[in-house]
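Comments concern the structure below.
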There are 2 protein chains.
Amino acid sequence: MEAHQPDTKHKRGSGRDRVLDAYIDVLLTDGVAAATLDEVARRADISKGGLLHHFKSKDDLVEGLLARFTAANIIEVETTLASTDGAVLGYLNGSLVSGEQFADLYMAVLRLAGSNDPRVEGALRASHEAWFNGLKQHIEDPTIARVIQLIGDGMYLHTLLGGKRTPRDDTAIAFAHRLAQENSN
Amino acid sequence: MEAHQPDTKHKRGSGRDRVLDAYIDVLLTDGVAAATLDEVARRADISKGGLLHHFKSKDDLVEGLLARFTAANIIEVETTLASTDGAVLGYLNGSLVSGEQFADLYMAVLRLAGSNDPRVEGALRASHEAWFNGLKQHIEDPTIARVIQLIGDGMYLHTLLGGKRTPRDDTAIAFAHRLAQENSN
DNA sequence: TGACTTATACCGTCCAGACGGTACAGTAAC
DNA sequence: GTTACTGTACCGTCTGGACGGTATAAGTCA
């Protein structure tokens with residue numbers, strides 16, 4: 001899961017990272033209501049006291065998740081848009097994947113979106129902004145870039161609702177890809 | 001707010017409807033964590049006992065919301081797709097509105113989407129299915145219909161995250177409209 | 001080298017408050 | 001009598017968080 005450091009002295013990765021991994025895991029498998037401190041600590045194989053040593057409060061845990069998300073998003077935008085797969089294909093395919101590092105992180109944060117927390121909304125909006133700016137570098141017409149982005153966001157929403165990837169998605173992606181190529185830089 | 005019946009005997013609409021109105025209100029303004037039975041009862045101007053008279057449990061309240069949503073969705077699909085505004089414009093504009101009957105209902109349900117509840121996910125997926133089928137009646141190419149739908153869903157997601165409608169959205173809608181007209185029945 | 005101090009990374013227990021839900025007596029309209 | 005509530009009192013459980021204690025490694029100074 002985690003890019004393991006030279007294995008300091010602890011179980012797997014640092015305690016902080018293990019807690020965040022566990023938090024993401026609970027959010028994805030059982031939803032936001034199940035993501036209590038006790039349950040997160042249990043899955044991280046740590047005591048509740050230990051968890052609270054790394055994150056001073058539940059709020060702090062959310063912030064930790066958002067920080068990891070924001071950092072990962074920057075890298076993800078860069079690498080995806082530079083991929084041989086093509087920026088648009090990379091972006092759209094990413095929105096339908098689960099089980100992969102970044103997609104899981106995104107979906108976990110998206111599960112928090114119902115909480116009306118401005119930090120969560122802010123982080124997700126910033127992510128969208130970053131993707132839009134990235135797409136604009138590859139697609140001349142900003143309207144097309146926006147449309148591509150919206151299609152991807154729609155797919156993220158479907159994934160949130162447990163929808164599996166279907167052939168319809170593939171044809172939609174192919175269509176978007178063609179659309180982008182006709183307007184690419 | 002509510003299509004008021006000939007004002008039976010109570011304050012405004014039936015108690016059941018008032019409770020659901022209040023539930024939606026809490027979800028939209030303060031999020032899912034704030035939507036406790038006490039708070040919903042308070043906003044419905046009803047006692048907690050009264051609330052539990054109408055909805056036997058919180059789970060039952062959720063189901064009541066989903067039932068209203070599902071029923072409203074059928075009507076909304078019909079009327080929107082028959083609108084003079086044009087099906088596509090009607091659909092896409094609806095996804096960016098707040099303060100309107102159906103849009104609020106949709107956003108309220110969407111706030112529950114992080115809870116990993118199969119009933120919530122099922123209701124939202126059924127809604128998407130209905131919109132897709134409706135759009136297909138107006139757009140020959142099902143791929144285009146799918147793309148239009150995804151664009152709308154992306155806009156719903158943006159609205160969920162508190163994004164306001166921008167000129168970018170307008171141009172995207174205009175683009176989608178043109179796309180649909182070139183492929184309409 | 002050993003004694004003392006500091007910092008980090010936890011563990012385990014306890015607690016106050018919130019929450020969902022029950023129970024029930026009473027009221028008012030039809 | 002039935003339906004639709006109000007209002008209050010209460011209960012068991014869960015949850016976030018505080019707190020005190022422990023183990024270990026690293027540094028400081030004699």
Side-chain angles (χ1 to χ4, degrees), chain A residues 2 4-23 25-27 29-66 111-112 114-117 119-120, chain B residues 2 4-23 25-27 29-66 111-112 114-117 119-120:
Chain A
E2 201 56 38
H4 41 188
Q5 315 289 101
D7 239 277
T8 54
K9 55 212 154 186
H10 303 296
K11 311 186 182 179
R12 257 182 310 173
S14 78
R16 242 187 108 89
D17 282 339
R18 261 170 47 230
V19 170
L20 284 180
D21 288 343
Y23 187 30
D25 186 49
V26 193
L27 284 173
T29 58
D30 292 334
V32 72
T36 64
L37 294 184
D38 280 300
E39 180 59 21
V40 172
R42 211 184 56 76
R43 297 208 197 191
D45 197 23
I46 200 177
S47 71
K48 190 164 155 185
L51 189 158
L52 284 165
H53 168 74
H54 291 293
F55 300 95
K56 276 175 289 195
S57 65
K58 192 171 190 185
D59 234 56
D60 198 27
L61 181 59
V62 172
E63 247 162 44
L65 179 66
L66 294 181
R111 294 239 157 157
L112 297 176
S115 60
N116 213 37
D117 185 326
R119 293 168 308 169
V120 174
Chain B
E2 199 57 36
H4 40 189
Q5 315 289 101
D7 239 275
T8 55
K9 54 210 155 190
H10 303 297
K11 312 188 180 176
R12 259 182 309 174
S14 77
R16 239 187 111 87
D17 282 339
R18 262 171 43 231
V19 170
L20 285 179
D21 288 343
Y23 187 30
D25 187 49
V26 194
L27 285 173
T29 58
D30 292 336
V32 72
T36 64
L37 294 185
D38 281 300
E39 180 60 21
V40 171
R42 210 183 57 77
R43 295 209 197 191
D45 197 23
I46 200 178
S47 70
K48 188 172 168 182
L51 189 158
L52 285 164
H53 171 73
H54 291 294
F55 300 95
K56 276 174 290 194
S57 65
K58 192 171 190 185
D59 235 55
D60 199 27
L61 180 60
V62 171
E63 248 162 42
L65 179 66
L66 294 181
R111 293 238 157 159
L112 298 175
S115 60
N116 213 36
D117 185 327
R119 294 169 308 170
V120 174

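In what follows, chains are A, B, ... by sequence order, proteins preceding strands, each numbered from 1.
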Contact class for [X] (heavy atom, under 4.0 Å): base, sugar-phosphate, or nothing?
X	answer
B:Leu52	base
B:Leu37	sugar-phosphate
B:Ser47	base

* Is there a donor and acceptor pair closer than 3.5 Å between the side chain of B:Lys48 and the base of C:dG20? ->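 When only heavy-atom distances are counted, B:Lys48 does reach the base of C:dG20 through a donor-acceptor pair under 3.5 Å.
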
* Length of the CG-C1' vector between A:Asp59 and D:dG16, whole Å ->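 Distance, rounded to whole Å: 11 Å.
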
* **Spacing between A:Arg42 atom CZ and D:dT15 atom C1', to the nearest angstrom** =>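 Distance, rounded to whole Å: 16 Å.
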
* To do: Check whether any side-chain N or O of A:His53 sits under 4.0 Å from OP1 or OP2 of C:dA9, and answer yes or no.
  =>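 Result: yes.
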
* Which heavy atom of B:Arg18 sits nearest a heavy atom of B:Ile46, and at what distance? ->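 The answer is NH2-CB, 4.3 Å.
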
* Main-chain N/O of A:Thr29 paired with B:Asn116 side-chain donor or acceptor, under 3.5 Å ->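 Such a contact is found between B:Asn116 side chain and A:Thr29 backbone.
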
* So, the side chain of B:Arg43 versus the backbone of B:Ala22: is there a donor-acceptor pair under 3.5 Å, distance only? ->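 Here the side-chain-to-backbone pair does not exist.
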
* In terms of side-chain heavy atoms of A:His54, which of C:dC10, C:dG20, D:dC5 is nearest? ->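 Nearest nucleotide to the side chain: C:dC10.
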
* **Nearest-nucleotide comparison on DNA chain D, the residue closer to the 5′ end among A:Gly49 and A:Asp38** =>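 Nearer the 5' end of the strand: A:Asp38.
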
